[in-house]
Asks: 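The structure is given below, and queries will be raised subsequently.
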Amino acid sequence: FATIRFLPVEREGDIPWRQVFSHGFQGPGGWYLENCPTTINGKCPLCKENTKLWDTGDTASRNIARDRKRRLHYISYIYVVDDPSNPDNDGKVFLYKYGKKIYEKIHNLMIPEFPDEVPRNPFDFDEGCNFKLKIRQVDGYANYDKSEFAAASPLLGDDAKLEELWKTQHSLQDIIAPDKFKSYQELEARFNTVIGSVDHNDGTSEFVGTIEESTNDPIASVDAPEPATDTLDYFKKLAEQ
């Protein structure tokens, strides 16, 4: 259990998170844990092989492709309000990586499903709200279902402290800069090592071994629209797209 606060970013109207695709699975040659170049519209050797496997129509091949598919994560800046297990984190700013479940909670807060619910922007310094991060172990995996947003409240309540906090952040765009991704050749070499591929005369490869990986649910990627005048309207436009 911990209480955190999602933070806005340095440019007004900018999206306060970045999307990052990644692959993570274990093969005979070790683990493949790499960011996927499709995050920045690049080409990925693993995605290419997954497409080939899927196009065979074979159930076993498709299961392998599912196991190796890319996962989508989000990264935002957070302020740690209270972390009982790690009190040294209190009052500090971190980059926080989260998945579909928490993203949906953010989305539902900003764009409620029912008309009696008031839209709120959890990234706002003054009108945002703390997030109660509650993690349980369910069937051997971390579960975030009970996590929830608290009532709206100003963060810190001191302009000088907010200004100091603001200066600790850097551009989220740096997270998905091209130099954060390996080249196609480097990824291909690592992929071949991990799967233990065997080349054939016809140029195809034989994939051997079973695959295991975490079960973070993927969701579709979205392209960011142009910023709207009102921040909340902008996020709504993003979600509709």
Side-chain angles (χ1 to χ4, degrees), residues 2 4-10 14-27 31-48 50 65-80 83 86 89 92-111 121-123 131-149 169-182 186-187 190-191 194 211-225 235 238-239 241:
I4 64 175
R5 182 71 168 244
F6 287 95
L7 299 177
V9 286
E10 73 289 343
D14 195 9
I15 305 173
W17 64 76
R18 287 295 181 271
Q19 298 177 157
V20 179
F21 285 106
S22 63
H23 295 278
F25 69 91
Q26 187 179 22
W31 281 90
Y32 185 95
L33 301 170
E34 303 289 349
N35 287 338
C36 179
T38 59
T39 300
I40 54 174
N41 297 319
K43 294 182 179 180
C44 172
L46 180 45
C47 289
K48 180 180 178 180
N50 280 348
R66 287 191 183 97
D67 288 336
R68 297 174 180 172
K69 66 185 176 185
R70 64 182 190 174
R71 263 60 179 174
L72 177 58
H73 299 282
Y74 302 84
I75 298 178
S76 294
Y77 275 109
I78 62 165
Y79 174 83
V80 179
D83 185 355
N86 303 281
N89 291 338
K92 294 181 180 179
V93 174
F94 295 91
L95 283 169
Y96 181 52
K97 182 179 180 180
Y98 53 99
K100 176 184 178 182
K101 180 63 66 174
I102 292 179
Y103 176 80
E104 286 180 342
K105 290 180 180 293
I106 293 172
H107 178 276
N108 292 337
L109 184 72
M110 301 185 77
I111 308 175
N121 177 8
F123 296 92
F131 185 65
K132 299 176 182 179
L133 186 62
K134 301 177 181 181
I135 308 174
R136 299 178 299 152
Q137 290 295 315
V138 178
D139 296 329
Y141 296 98
N143 181 283
Y144 298 86
D145 287 350
K146 289 188 175 294
S147 298
E148 59 183 348
F149 282 100
Q169 300 179 77
H170 302 283
S171 173
L172 283 175
Q173 193 62 26
D174 292 343
I175 296 170
I176 56 173
D179 61 3
K180 297 297 191 297
F181 298 84
K182 293 181 179 178
E186 290 175 307
L187 293 174
R190 179 58 188 164
F191 176 57
V194 168
I211 308 297
E212 293 181 355
E213 70 176 57
S214 62
T215 57
N216 296 312
D217 294 329
I219 71 171
S221 173
V222 295
D223 295 323
F235 288 129
L238 174 69
Q241 189 177 64

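Computed over heavy atoms, backbone and side chain alike; hydrogens, waters and symmetry mates excluded.
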Asks: Take the angle between the ring planes of Y103 and H107 and call it parallel below 30°, perpendicular above 60°, tilted in between.
Replies: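 Tilted, since the angle between the ring planes falls between 30° and 60°.
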
Asks: Work out which heavy atom in L46 is nearest to a heavy atom in R68; give both atom names and the distance.
Replies: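 Reported closest heavy-atom pair: CD2-O, 3.8 Å.
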
Asks: Mind listing the closest non-hydrogen atom pair of K43 and P45 along with its distance?
Replies: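 Nearest pair, atom of K43 first, then P45: O-CD, 4.1 Å.
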
Asks: Tell me the closest heavy-atom pair linking F6 and S76, and the distance in Å.
Replies: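 The answer is CD2-CB, 4.0 Å.
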
Asks: To the nearest 0.5 Å, what is the distance between NE2 (H23) and OG1 (T38)?
Replies: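 Going from the NE2 atom of H23 to the OG1 atom of T38 covers 6.0 Å.
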
Asks: Do any N or O atoms from the side chain of T39 and from the backbone of F21 form a donor-acceptor pair under 3.5 angstrom?
Replies: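 Such a contact is found between T39 side chain and F21 backbone.
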
Asks: With side chain to side chain contact (heavy atoms under 4.5 Å, CB included) as the test, would you mind laying out the steps for L95 and Y77 before giving the verdict?
Replies: CA-CA 5 Å; L95 283 169; Y77 275 109; 3.6 Å; yes

Asks: Minimum heavy-atom separation for P37 and L187, please, with both atom names.
Replies: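 Looking at all heavy atoms of both residues, the shortest contact is CG-CD1, 3.4 Å.
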
Asks: Please determine whether a side-chain nitrogen of the Lys or Arg among E34 and K182 lies less than 4.0 Å from a carboxylate oxygen of the Asp or Glu.
Replies: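 A salt bridge links E34 with K182.
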
Asks: Restricting to non-hydrogen atoms, name the atom on V9 and the atom on P16 that form the minimum distance, rounded to 0.1 Å.
Replies: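 For V9 and P16, the tightest heavy-atom pair comes out as CG1-CA, 3.8 Å.
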
Asks: What distance separates H73 NE2 from S22 OG, expressed to the nearest 0.5 Å?
Replies: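 Going from the NE2 atom of H73 to the OG atom of S22 covers 4.0 Å.
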
Asks: How far apart are the C-alpha atoms of F131 and Y96, what are their side-chain angles, what is the distance that settles it, and do they pass the ring pair (Phe, Tyr, Trp, His ring centres under 6.0 Å) test?
Replies: CA-CA 13 Å; F131 185 65; Y96 181 52; 8.1 Å; no

Asks: Tell me the closest heavy-atom pair linking Q19 and I176, and the distance in Å.
Replies: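 Closest approach of Q19 to I176, heavy atoms only: O-CG2, 3.8 Å.
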
Asks: After noting the C-alpha distance and the side-chain angles of I106 and F123, does the key distance pass the side chain to side chain contact (heavy atoms under 4.5 Å, CB included) rule?
Replies: CA-CA 9 Å; I106 293 172; F123 296 92; 3.7 Å; yes

Asks: Could you check whether any side-chain N or O of R190 sits under 3.5 Å from a backbone N or O of W31, counting only pairs where one atom can act as donor and the other as acceptor?
Replies: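 Yes; at least one donor-acceptor contact below 3.5 Å.
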
Asks: Give a yes or no on whether a salt bridge exists between K105 and E148, defined as a side-chain N under 4.0 angstrom from a carboxylate O.
Replies: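 No salt bridge links K105 with E148.
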
Asks: Kindly write out the residues that satisfy side chain to side chain donor-acceptor pair (under 3.5 Å) with K180, not counting sequence neighbours, or none if the list is empty.
Replies: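 Checked K180 against side chain to side chain donor-acceptor pair (under 3.5 Å); zero matches.
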
Asks: How long is the straight-line distance from CD1 of I4 back to CG of N89, given to the nearest 0.5 Å?
Replies: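 Spacing of CG (N89) from CD1 (I4) equals 11.5 Å.
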
Asks: Passes side chain to side chain contact (heavy atoms under 4.5 Å, CB included), Q173 versus R18? Steps please.
Replies: CA-CA 7 Å; Q173 193 62 26; R18 287 295 181 271; 2.9 Å; yes

Asks: Measuring from atom CG of L7 to atom CD1 of I78, what distance do you get when rounded to the nearest 0.5 angstrom?
Replies: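 L7 CG to I78 CD1: 8.0 Å, rounded to 0.5 Å.
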
Asks: Enumerate the salt bridge (charged side-chain N to carboxylate O under 4.0 Å, His left out) contacts for residues 135-147, please, sequence neighbours excluded, ordered by first and then second residue.
Replies: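 Listed by first then second residue: K101-D145.
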
Asks: Which distance, rounded to the nearest 0.5 Å, do you find between the CD1 of I102 and the OH of Y74?
Replies: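 Spacing of CD1 (I102) from OH (Y74) equals 11.5 Å.
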
Asks: So, does S147 use its side chain to make a donor-acceptor pair with the main chain of K134 at under 3.5 Å?
Replies: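 Answer holds: yes.
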
Asks: In terms of relative ring orientation, are Y32 and F191 parallel, tilted or perpendicular, with 30° and 60° separating the classes?
Replies: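 Correct class here is perpendicular.
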
Asks: Please walk me through it: do Y98 and W17 pass side chain to side chain contact (heavy atoms under 4.5 Å, CB included)?
Replies: CA-CA 10 Å; Y98 53 99; W17 64 76; 3.6 Å; yes

